[in-house]
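Since the structure comes first, as structure tokens, the remarks are kept for the end.
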Amino acid sequence: MSLDAAMAQSVNANVVVVGCGISGVAAAHRLVKAGFNNVRILEATSRSGGRIKTGKLGNIITEIGATYLHGPSEKNPVFCLARDYGLLGPEALTPENQAIDVDEYPPWVPNWFSSSGQRLSAESMSPALELFHEVLDNTWQFRKQKERSGASVGHYIRSKAPKRALKKWKDKDEPTKKLLLSGISTMLKVECCASATHTMDDIDLVGYSMYKSIKGVDCTFPSGYDGLISHLMSELPPDLVTYNRPVRCVHWNGTEGGVNPVTVECDDGERIAADHVILTVPLGYLKKHHSTLFSPPLPTHKLDSIHQLGFGTCDKIYVEFESPWWDADCEVIYLVWKDEENISDQVSDKIQSWTRKIPAFTVIKPSEKGSHVLCGWIAGLEAEYMETLPEEEIRRSITELIHTFTGDRTITPKRILCTRWFNDPWTCGSYCHPALRCSAKDLQNMKEPLPVKGKSSQPLQVLFAGEATHPCYYSTVHGALQTGWREADRLISHHSSGSLLNQSGQKVKV
Ligand SMILES: Cc1cc2nc3c(=O)[nH]c(=O)nc-3n(C[C@H](O)[C@H](O)[C@H](O)COP(=O)(O)OP(=O)(O)OC[C@H]3O[C@@H](n4cnc5c(N)ncnc54)[C@H](O)[C@@H]3O)c2cc1C
Ligand SMILES: *[C@@H]1O[C@H](CO)[C@@H](O)[C@H](O)[C@H]1NC(C)=O
Ligand SMILES: *[C@@H]1O[C@H](CO)[C@@H](O)[C@H](O)[C@H]1NC(C)=O
Ligand SMILES: *[C@@H]1O[C@H](CO)[C@@H](O)[C@H](O)[C@H]1NC(C)=O
């Protein structure tokens, strides 16, 4: 970062970055700082940030895309940038906050409600939370397992939790046990949102433990996640990005002739010659368009991994109320359907009961007095169905849901705002997950540049960055950021004779 462009040798190699999300911005930023003077970004939409997208509901900041800085501590480059740019609140900056190892479960103050319209005490429901996390933590033991077993996280939880419950909850009566097991179904649906999957039955038991968490209690950006993007962008030449410029096809392997090995063909017909292309389009987009996006087509092992890795939908529904119906210190509201003791994250009737897939609302810290906003979470096919509905119908269904759980029919949402990531043509979903039979090799294949090593005299024609190319921080902003830096470093090292820039932008011998 600190390396002055003037100090570095200038490099004339022609680099085109496709996509202006965090990974594309990070790649371009590092290349420019290292003296590459022929870099441009082509972005399909009219804005930068991609899946970092801050919006507003009235005067309240809402995150349409990424919400949390997962693991805000020194090891997280997003934390370091956000801290240096002054984007974090005082709590996130405390050493205490950075030191807490939460392993993905923020220690939030919950309020629980049941489908018979009753408030449940946090103490009475805590055994459900404990048991769920205990069993989920046990999946960690499979991380060393080499073979693709095809077993799922959902199946594992369904097979272990009831047995353990029988032992641990011996002294509880039947209705209590049933309610606690239903609470585990709620948590399973929460996990679907975290993994952007329709069901945890689709998440590979071994693959699940590829994900690594970083120390620190998750925090948000008080003035919006997109501050990260605008600060990085302000350090780049203003004309670096061409907006509204979707790329239709990347012609590589010299198929177009000319001196440059790659030609980037845009939707408007423009053809741009390049020595290197860093492709950062989302995995969802790749799944849908790979057959037309590359000429010649991708090698089979890369295609297999694109199919193998999962990419699903997680949406949010922001709901604003006149006054709060939750406790002043409440951070998350969990909804328990009393008939879900079978430990399931699936809903029988998607059209009639899609709101059953909403397990929780998080409470948005009021940025101004008198604002009372919740954020509902929904994943999978029900989220994709919700996206097809008009906002007014969504509002009606959410109102009905809240009436059912509070028993109070006077509560009416004022305004709502929902995300529609599945129908975003440039994303086609939310983020990636380890689908059944997927392994570390797939993420490895995702990031491998083209042409395959030793197959051409012109290496590094197409490089791959983006969230779904990170071996352990996939599905996150910090993962995406690091993949951008990684691919920039690959080019920097290729063009510098025997020296490479490390993460702090200092030259190191290789
Ligand atoms: C609802 C939701 C919640 C999330 N919550 C969190 C969270 O709390 N914490 C966290 O760390 N992460 C979260 N994430 C994930 C995080 O947002 C992503 O991992 C990260 O932003 C991805 O960055 P990227 O650069 O890989 O991809 P993107 O940001 O998607 O950037 C890719 C860019 O490529 C462009 N593009 C696509 N096709 C073309 C084309 N043909 N030509 C030109 N341009 C094209 C797109 O328009 C886009 O701008 C969340 C994501 C979603 C959707
Ligand atoms: C790339 O070009 C070389 C030589 O022109 C050819 O042998 C090779 O098969 C091509 N590779 C692909 C993937 O098309
Ligand atoms: C559990 O119950 C729900 C709701 O009654 C039902 O839709 C689902 O199919 C059941 N799941 C399993 C695994 O039995
Ligand atoms: C980068 O290299 C410099 C000099 O070798 C070293 O002092 C520094 O700690 C390195 N930083 C990282 C993040 O590796």
Side-chain angles (χ1 to χ4, degrees), residues 16-27 41-53 63-72 76 78 193-194 196 214 218-221 225 228-229 241-250 252-255 261 264-267 278-286 288-289 292-300 311-316 362 375 377-379 383 418-422 424-432 450-452 455-458 461 464-470 473-484:
V16 172
V17 178
V18 181
C20 197
I22 186 71
S23 62
V25 174
I41 302 179
L42 304 178
E43 165 57 44
T45 69
S46 58
R47 52 174 284 276
S48 53
R51 282 171 274 172
I52 293 176
K53 185 177 186 182
E63 298 291 0
I64 306 301
T67 303
Y68 302 105
L69 203 177
H70 290 308
N76 188 328
V78 171
C193 296
I214 305 179
D218 288 3
C219 66
T220 55
F221 287 68
Y225 224 128
L228 179 67
I229 299 290
V241 190
T242 310
Y243 294 102
N244 303 307
R245 187 61 64 92
V247 166
R248 181 193 297 165
C249 183
V250 176
W252 58 287
N253 207 30
T255 44
V264 178
E265 181 190 349
C266 301
D267 254 5
I278 301 181
L279 199 71
T280 76
V281 302
L283 174 61
Y285 184 88
L286 273 184
K288 204 166 169 181
H289 299 288
T292 50
L293 191 59
F294 301 94
S295 167
L298 292 175
T300 15
F311 195 83
T313 307
C314 167
D315 276 317
K316 307 184 219 182
T362 46
C375 176
W377 297 82
I378 186 165
C418 71
T419 68
R420 299 177 194 262
W421 284 105
F422 181 67
D424 182 312
W426 310 109
T427 315
C428 316
S430 297
Y431 38 88
C432 82
L450 293 175
V452 175
K455 287 273 170 79
S456 167
S457 55
Q458 282 172 303
Q461 294 175 21
F464 294 82
E467 168 264 307
T469 70
H470 197 286
Y473 299 149
Y474 52 85
S475 78
T476 68
V477 172
H478 55 282
L481 175 85
Q482 285 186 330
T483 65

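Here, residue 1 is the first one in the sequence, and each next residue gets the next number. Bear in mind the structure is a predicted one, so any value in this text is a computation, not a measurement. Counting starts at 1 for both ligands and their atoms, following the listed order.
Comparing Trp421, Trp426, Phe422 by heavy-atom distance to atom 37 (C) of ligand 1, the nearest is Trp426. With Pro425, Pro282, Gly479, Ala44 as candidates, the residue nearest to atom 44 (N) of ligand 1 on a non-hydrogen basis is Ala44. Between the choices Ala27, Pro246, Ala66, the shortest heavy-atom distance to atom 6 (C) of ligand 1 belongs to Ala66.
For ligand 1, the atoms lying closer than 4.0 Å to a non-hydrogen atom of Thr45 are 47 (O). Taking every non-hydrogen atom of Gly65 and a distance limit under 4.0 Å, the qualifying atoms of ligand 1 come out as 2 (C), 3 (C), 4 (C). Near Val477, with a cut-off below 4.0 Å to any heavy atom, the atoms of ligand 1 are 10 (C), 11 (O), 12 (N), 16 (C). When each atom of ligand 1 is checked for a heavy atom of Gly49 under 4.0 Å away, the hits are 29 (O). The distance from ligand 1 to the heavy atoms of Val18 drops below 4.0 Å at these ligand atoms: 42 (N), 43 (C). Within the listing of ligand 1, atoms 43 (C), 44 (N) sit less than 4.0 angstrom from a heavy atom of Leu42. Listed by atom number, the atoms of ligand 1 under 4.0 Å from Cys314 heavy atoms are 1 (C). Applying the 4.0 Å criterion to heavy atoms of Thr67 picks out, from ligand 1, the atoms 5 (N), 6 (C), 7 (C), 8 (O).
Within a 4.0 Å radius of atom 5 (O) of ligand 2, the protein has no heavy atom. Contact annotation for atom 14 (O) of ligand 2: protein present (non-hydrogen atoms, distance under 4.0 Å).
Side-chain atoms of Arg51 come within 3.5 Å of backbone N or O of Ser430 as a donor-acceptor pair. A donor-acceptor pair under 3.5 Å links the side-chain atoms of Thr476 to the main chain of Gly479, judged by distance alone. Side chain of Trp252 to backbone of Pro296: a donor-acceptor contact under 3.5 angstrom is found. Without hydrogens or angle criteria, Asp218 side chain to Gly71 main chain gives a donor-acceptor distance under 3.5 Å. Looking at Thr45, its side chain does come within 3.5 Å of a backbone N or O of Arg47 through a donor-acceptor pair. Glu43 contributes a side-chain N or O that, together with a main-chain N or O of Cys20, makes up a donor-acceptor pair within less than 3.5 Å. In this structure, Thr313 contributes its side chain and Ala383 its backbone to no donor-acceptor pair below 3.5 Å. In this structure, the side chain of Asp315 engages the main chain of Trp421 through a donor-acceptor pair within 3.5 Å. Checking side-chain atoms of Asn253 against main-chain N and O of Thr255 turns up no donor-acceptor pair under 3.5 Å. Of the possible polar contacts, one joining the Glu467 side chain to the Ser475 backbone as a donor-acceptor pair under 3.5 Å is found.
Around atom CZ of Phe422, no more than 12 heavy atoms belonging to other residues, nucleotides or ligands sit under 6.0 Å away.
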Report task. Let me see the working for Thr483 and Tyr473 under side chain to side chain contact (heavy atoms under 4.5 Å, CB included), right down to the final yes or no. Result -> CA-CA 10 Å; Thr483 65; Tyr473 299 149; over 6 Å; no
Query raised in the report: Does the side chain to side chain contact (heavy atoms under 4.5 Å, CB included) test come out yes or no for Cys266 and Leu42, once each step is laid out?
Result: CA-CA 9 Å; Cys266 301; Leu42 304 178; 4.0 Å; yes
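Looking only at heavy atoms of the protein, atom 15 (C) of ligand 1 is closest to Ser475 O, 3.4 Å. Of all protein heavy atoms, the one lying nearest to atom 9 (N) of ligand 1 is Tyr68 O, 2.9 Å. Protein heavy atom in closest approach to atom 10 (C) of ligand 2: Asn253 ND2, 2.4 Å. Nearest non-hydrogen protein atom to atom 51 (C) of ligand 1 is Tyr431 CD2, 3.3 Å. Nearest protein heavy-atom contact of atom 47 (O) of ligand 1 is Glu43 OE2, 2.7 Å. Protein heavy atom at the shortest distance from atom 39 (C) of ligand 1 is Val281 CG1, 3.6 Å. The protein non-hydrogen atom at the shortest distance from atom 34 (O) of ligand 1 is Gly19 CA, 3.3 Å. Nearest protein heavy-atom neighbour of atom 25 (O) of ligand 1: Ser23 OG, 2.7 Å. Of the protein's non-hydrogen atoms, the one nearest atom 30 (O) of ligand 1 is Arg51 NE, 2.7 Å.
By the 4.5 Å heavy-atom criterion applied to side chains, Thr67 and Lys316 are counted as neighbours. When side chains are defined from C-beta on, Thr362 counts as touching Trp377, because their heavy atoms get closer than 4.5 Å.
Taking the ring centroids of Tyr474 and His470, they lie at or beyond the 6.0 Å cut-off.
Backbone and side-chain nitrogen or oxygen atoms of His478 are examined, and none is located within less than 3.5 angstrom of a nitrogen or oxygen of ligand 1. Between Trp252 and ligand 2, a contact under 3.5 Å exists for no N or O pair. Geometrically, ligand 1 and Val247 share a nitrogen or oxygen pair separated by less than 3.5 Å. Inclusion of Glu467 in the set of residues having an N or O under 3.5 Å from an N or O of ligand 1 is warranted.
If you look at Leu293 next to ligand 1, there are no close heavy atoms at all, none under 4.0 Å.
Contact between Thr280 and ligand 1 is present, with at least one heavy atom of the residue lying under 4.0 Å from the ligand. Ligand 1 lies out of reach of Thr427, whose nearest heavy atom is not under 4.0 Å from it.
Between Leu279 and the choices Leu293, Thr469, Val17, the side-chain contact (heavy atoms from CB on, under 4.5 Å) rule is met once, by Leu293.
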